[in-house]
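Have a look at the structure below before the remarks.
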Amino acid sequence: MEDFLRSKPMLTPLVAGASVTMITGTLVRELGFPGAWTGLALSLLFGVVLLFDTTIKILAIRAVFYLLNSLTVFSVAAGLNAAGAAAVGAMPPAPAAERELPRGGEAPSDTLFQPWFGR
């Protein structure tokens with residue numbers, strides 16, 4: 001608990017959030033999964049590791065830390081996705097001749113970063 005505010009433990013949610021962003025972006029783009037729900041489910045999955053931390057003896061406290069950690073990972077992932085979408089949106093689109101058509105023949109999504117939340 002004394003290490004909570006130091007920079008070393010903050011690296012873990014950052015790496016987990018980046019991983020969730022990458023996996024969610026791929027699932028949204030390639031399989032059409034809903035971004036927000038997929039990101040939340042993956043964040044909860046990544047947070048399961050905290051439930052097995054035996055240094056915290058009380059299960060209720062572990063559950064609270066699990067929820068907070070999972071929401072932190074989700075927040076990082078959603079923020080990285082939004083930043084990536086904003087950065088890619090500022091770039092000019094690739095010429096049509098450079099784009100490939102996927103297996104089904106439908107037009108591909110332009111980017112890995114897409115809005116996760118409806119507007």
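Counting from 1, the numbers follow the sequence of the chain as shown. All values below were derived from every heavy atom in this structure, side-chain atoms included, with hydrogens, water molecules and symmetry-related copies excluded.
- Under a hydrophobic clustering in which Ile, Leu, Val, Met, Phe, Trp and Tyr are joined whenever their side-chain heavy atoms come within less than 4.5 Å, directly or via other members, L31 and V20 fall into the same cluster.
- Separating the CG atom in L44 from the CZ atom in F74 is a distance of 9.0 Å, to the nearest 0.5 Å.
- Placement of I58 and F65 within a single hydrophobic cluster is found when ILVMFWY residues are connected by side-chain heavy-atom separations under 4.5 Å, directly or transitively.
- With sequence neighbours excluded, the residues forming a side-chain contact (heavy atoms from CB on, under 4.5 Å) with I23 are L27, L42, F46, listed by chain and number.
- The minimum heavy-atom distance linking K57 with R62 is given by the pair O-NH2, 3.9 Å.
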(request) Decide yes or no on side chain to side chain contact (heavy atoms under 4.5 Å, CB included) for T24 and N81, but give the supporting numbers first. (result) CA-CA 9 Å; T24 301; N81 181 66; over 6 Å; no
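- Pairing each heavy atom of V76 with each of T21, the nearest pair is O-OG1, 4.5 Å.
- In this structure, A41 has no side-chain contact (heavy atoms from CB on, under 4.5 Å) partners at least two apart in sequence or on a different chain.
- Hydrophobic cluster membership of V64, counting Ile, Leu, Val, Met, Phe, Trp and Tyr whose side-chain heavy atoms lie under 4.5 Å apart directly or via other members: L68.
- Criterion: ILVMFWY side-chain heavy atoms under 4.5 Å apart, direct or through other members. Under it, V28 and L80 are not part of a common hydrophobic cluster.
- Of all non-hydrogen atoms in A77 and G17, the two that sit nearest each other are CB-O, 3.4 Å.
- Across all non-hydrogen atoms, the minimal contact from G47 to S70 is CA-OG, 3.5 Å.
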